[in-house]
Amino acid sequence: MLSFRITSIVQVWVVFLALMLAWPAAATPVASDLRQRVEQLKETGKINVAGVSIGAIDLLPQLYERSEFNRLWTRESDIEALLAAIRTSDQDGLDPDDFHLQPLNRLRRELNATEKPQKPGAAADFDLLLTDALLRLGYQLFYGKVDPESLDAGWNFERPLLNEEAVPAIESALRSGTIAELLRSLEPQDPTYAALKRALKRYREIKARGGWGTVPAGPKLEAPMEDARVEALRRRLQVTGELSTTAGGPRNLFDGSVVQAVKRFQTRHGLDADGVVGLATLAALNVPVDARIDQIRVNLERTRWLGRTAERDYLAVNIAGFDAVLVRNGERIWAARAIVGRPYRMTPLFRSDMTYIVFNPTWTVPPTILKKDLLPKVKSDPSFLTRNSFKVVDRGGQTVDASAIDWSTARAGTLPYQIVQQPGTKNALGRVKFMFPNKYQVYLHDTPDRTLFQRAARTYSSGCIRVDQPVELARLLLNGAPEWSPARIDKVLAGKKTVTARLPVSVPVFLLYWTVEVPADGSVHFRNDIYERDAPILAELRKEFRPTVRRPKPADPETVPEAGGEQAPTVAPEEVMQRVPLKAAGPTVAGAPPPVTATP
């Protein structure tokens, strides 16, 4: 009898457990709250959580749907890792308030409080805010806070889309407790980024110690004068390390140690290093430390825009720094000074691929320069064209006698001719130009006037980039092409025929704009914002964060460069042009700055 009763009880329990397993588990209150909020987000496009608007309509719902609306943040260590990353995001030049720091701290205190009951939905709100904060911080570290295309419609530096990878990566980090590592992996891995972060830390430390005072205005300061303002100059230079705090001599004496300190300061700020404190140096000395901190923050944002450069071989121009570098296998193998566009004829920012070089180029004068520069000179001096090796070419490609034209009535818009400068020592493009497809018809080239390279500020072109040491650059780019030995390059340059050399491998070209650089010695170099591009970025960094929905861009149609404005007709019968159809390896670019065309 006892055995029968035990067996019956066991059978009842087996049936009960089977029914319990078959019956759907009731959702927890937190899961129900999460489901309700996520579904509202998907339906309306945004929700308000603890006074904060959440609009992550893609990734956030995916994360909770895949977790069946259970809490994602179940470990205190993960929560603390995220909050620590948010608190220290200012080290990246970001704003911790963009990542819900204050609401998260408030909700955390409420959830941990034992003296009063939790508000309904507080746990779900806390979990949602943590997830949205993670998505926001990851987005800003990877893409940047500011959308570069909102400031420059011609921006064509492509970034990978993270949408497909993000959800599994976050789930893995939450399972393994590696939230901090996940966030660190999203920031740029380029040494430039780490160097700029160190610079930001240094200048914030200078601010915390009181910053620096101003040097009073007055006549220029130079050796060996004595002036009461020299004492203020000494203090200023000691703050940023150009002058040793143990430097001796009378405090009001502009001695040799001050001269050398001023030169070091001038070098770091892109000024002529003459050791004299004139107007430009005085202005740079008196830029407040807060402005320098903002300048570093802006350039950290620019670094995030570029992210990880996959290319180990590329040519880059820093427009604001007036320099160009060629990098091969990750190592800099060539560096030279550059001359860039004037502020009213700005050199645009874009990415392209260099495909060929032209030796002994001709130069077809583009409409803008024809109208503003060349025609006025010809009208006042008809012999100007002949003296400077220009030919007048009609639409059929035939040379026209310039002396037979009535230049007094000539207008750029109606002139039925092209003005073409022939190869030679007077040619505006020098002996070589470097071509990469772009809608601006901008390129790199040599110049017959090398004196401008000696100046610290070099905004003298009409949009194109003049580079020092161009022949050396050509040799390096053609290295690996058997038909272009150094001896053949020298022989071609010694002649006067225009010859095109196709590169054995296309080379990515980046036209960039950095107003802060940190060389290998760790010193921080500031450059003037010649095109006034910093202020709009800073203004956007200070605004409320609105993430951009990123979608793959449609490819632009093929663009074949106009060979520096040498469109039609064939301007020189003696040209030896080994032309082949060119295809841009990267996307072409549409204009945001005032358009420039094939101008030296």
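Sequential numbering from 1 along the given sequence is applied to the chain's residues. These numbers come from a predicted model, not from an experiment.
- Not one N or O on the side chain of K371 forms a donor-acceptor pair closer than 3.5 Å with the backbone of P366.
- Between the CG atom of L477 and the OG1 atom of T355 there is a distance of 11.0 Å, given to the nearest 0.5 Å.
- E301 places a side-chain N or O within 3.5 Å of a backbone atom of K145 that can act as its donor or acceptor partner.
- Listed by chain and residue number, Y531 satisfy the ring-ring contact (aromatic ring centres under 6.0 Å, His included) test with Y513 (two or more places apart in sequence, or in another chain).
- Contact of the T347 side chain with the Y440 side chain is not registered, since no non-hydrogen atoms from C-beta on lie closer than 4.5 Å.
- If you check the side chains of R304 and Y193, you find a donor sitting under 3.5 Å from an acceptor.
- Within the structure, the salt bridge (Lys or Arg N to Asp or Glu O under 4.0 Å) test picks out the following pairs touching residues 257-282 (sequence neighbours left out): E242-R268.
- A donor-acceptor contact closer than 3.5 angstrom links the side chains of Q266 and T281.
- Proximity of F350 to N438: side-chain heavy atoms (C-beta onward) are separated by under 4.5 Å at one or more points.
- For P216 against L282, the heavy-atom pair with the smallest separation is O-CD1, 4.1 Å.
- To the nearest 0.5 Å, atoms CZ (F434) and CG (L326) are separated by 10.0 Å.
- Ring pair Y203/F526: centre-to-centre distance below 6.0 Å.
- For P519, the side-chain contact (heavy atoms from CB on, under 4.5 Å) criterion is met by D521, S523, H525, not counting sequence neighbours.
- Between L315 and V317, some side-chain heavy-atom pair lies under the 4.5 Å cut-off.
- Side-chain contact between L503 and L478: present, with at least one pair of heavy atoms (C-beta onward) separated by less than 4.5 Å.
- Atom NZ of K426 has more than 12 heavy atoms from other residues, nucleotides or ligands within 6.0 Å.
- You'll find the side chain of D227 stays beyond 4.5 Å of the side chain of F254, heavy atoms only.
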> Can W484 and V492 be said to form a side chain to side chain contact (heavy atoms under 4.5 Å, CB included), step by step?
Replying inline: CA-CA 10 Å; W484 285 106; V492 168; 3.9 Å; yes
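- Relative ring orientation between F157 and W155 is described as tilted, the plane-to-plane angle lying within the 30° to 60° band.
- A donor-acceptor contact shorter than 3.5 Å is absent between the side chain of Q418 and the backbone of T364.
- At distances below 3.5 Å, at least one donor-acceptor pair connects side-chain atoms of D406 with backbone N or O atoms of S408.
- Between A412 and P367, the closest heavy-atom pair is CB-O, 4.4 Å.
- Shown here for P148 and V146, the closest heavy-atom pair between the two residues is CD-O, 3.2 Å.
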> Can you check ring pair (Phe, Tyr, Trp, His ring centres under 6.0 Å) on F384 and W407, steps first, answer last?
Replying inline: CA-CA 12 Å; F384 175 85; W407 294 104; over 10 Å; no
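- Here the closest non-hydrogen pair linking P361 and G430 is CD-O, 3.6 Å.
- Using a cutoff of 4.0 Å between basic side-chain nitrogens and carboxylate oxygens, D468 and R466 are not scored as salt-bridged.
- The shortest side-chain heavy-atom distance between L151 and E540 falls under the 4.5 Å cut-off.
- Side-chain atoms of R527 never come within 3.5 Å of backbone atoms of G321 as a donor-acceptor pair (strictly under, hydrogens ignored).
- For V471, the side-chain contact (heavy atoms from CB on, under 4.5 Å) criterion is met by R431, R475, L493, not counting sequence neighbours.
- A salt bridge between R542 and D294 is present, with a side-chain N of the basic residue lying under 4.0 Å from a carboxylate O of the acidic one.
- Looking at W363 and F390, their side chains come closer than 4.5 Å, going by heavy atoms from C-beta outward.
- Formation of a donor-acceptor pair under 3.5 Å by the S352 side chain with backbone atoms of P437 is found in this model.
- In this structure, OH in Y417 is found 16.0 Å from NZ in K391, a value given to the nearest 0.5 Å.
- Looking at every heavy atom in both residues, G93 comes nearest to R297 through O-NE, 2.8 Å.
- In this structure, the side chain of R234 does not engage the main chain of L243 through any donor-acceptor pair within 3.5 Å.
- Remark: the R342 side chain and the S462 side chain contain an N/O donor-acceptor pair separated by less than 3.5 Å.
- Between the side chains of T515 and N528, no donor-acceptor pair of N or O atoms lies under 3.5 Å.
- To the nearest 0.5 Å, the span separating CG on N360 from CG on D446 amounts to 10.0 Å.
- Nearest heavy atoms, R345 versus K372: NH2-CD, 3.3 Å.
- Between R302 and the choices D152, D534, D190, the salt bridge (Lys or Arg N to Asp or Glu O under 4.0 Å) rule is met once, by D534.
- Ring geometry for Y314 against F510 counts as tilted: the plane angle lies between 30° and 60°, on a 0 to 90° scale.
- For the pair I319 and L349, the minimum side-chain heavy-atom distance is below 4.5 Å.
- For N318, the side-chain contact (heavy atoms from CB on, under 4.5 Å) partners are A320, D323, W514, E517, not counting sequence neighbours.
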>> What verdict does the side chain to side chain contact (heavy atoms under 4.5 Å, CB included) test give for D353 and F436, after you've listed the backbone C-alpha separation in whole Å, the side-chain angles of each residue and the deciding distance to 0.1 Å?
In response: CA-CA 5 Å; D353 291 272; F436 38 96; 5.8 Å; no
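- Within 6.0 Å of CZ on R387 lie more than 12 heavy atoms contributed by other residues, nucleotides or ligands.
- A donor-acceptor pair under 3.5 Å is formed between the side chain of N427 and the backbone N or O of Q421.
- Under the 3.5 Å distance criterion, with hydrogens and angles disregarded, no donor-acceptor pair is assigned to the side chains of N286 and T214.
- Checking side-chain atoms of R312 against main-chain N and O of N329 turns up a donor-acceptor pair under 3.5 Å.
- No donor-acceptor pair under 3.5 Å is formed between the side chain of E532 and the backbone N or O of I530.
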> Which is it for V518 and T192 under the side chain to side chain contact (heavy atoms under 4.5 Å, CB included) test, yes or no, and what are the steps along the way?
Replying inline: CA-CA 7 Å; V518 184; T192 299; over 6 Å; no
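- Remark: T447 engages no residue in a side-chain hydrogen bond (donor to acceptor under 3.5 Å, both in side chains) (not counting sequence neighbours).
- Other residues, nucleotides and ligands contribute more than 12 heavy atoms inside 6.0 Å of the CZ atom of R450.
- At a cut-off of 3.5 Å, with distance as the only test, no side-chain donor of T451 or R455 sits close to an acceptor on the other residue.
- Considering CD1 of I489 and CD1 of I357, their distance stands at 7.0 Å, rounded to 0.5 Å.
- For the atom pair Y356 OH and K433 NZ, the distance stands at 6.0 Å (nearest 0.5 Å).
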> Stepwise, does the side chain to side chain contact (heavy atoms under 4.5 Å, CB included) test hold for V276 with L221?
Replying inline: CA-CA 6 Å; V276 176; L221 297 172; over 6 Å; no
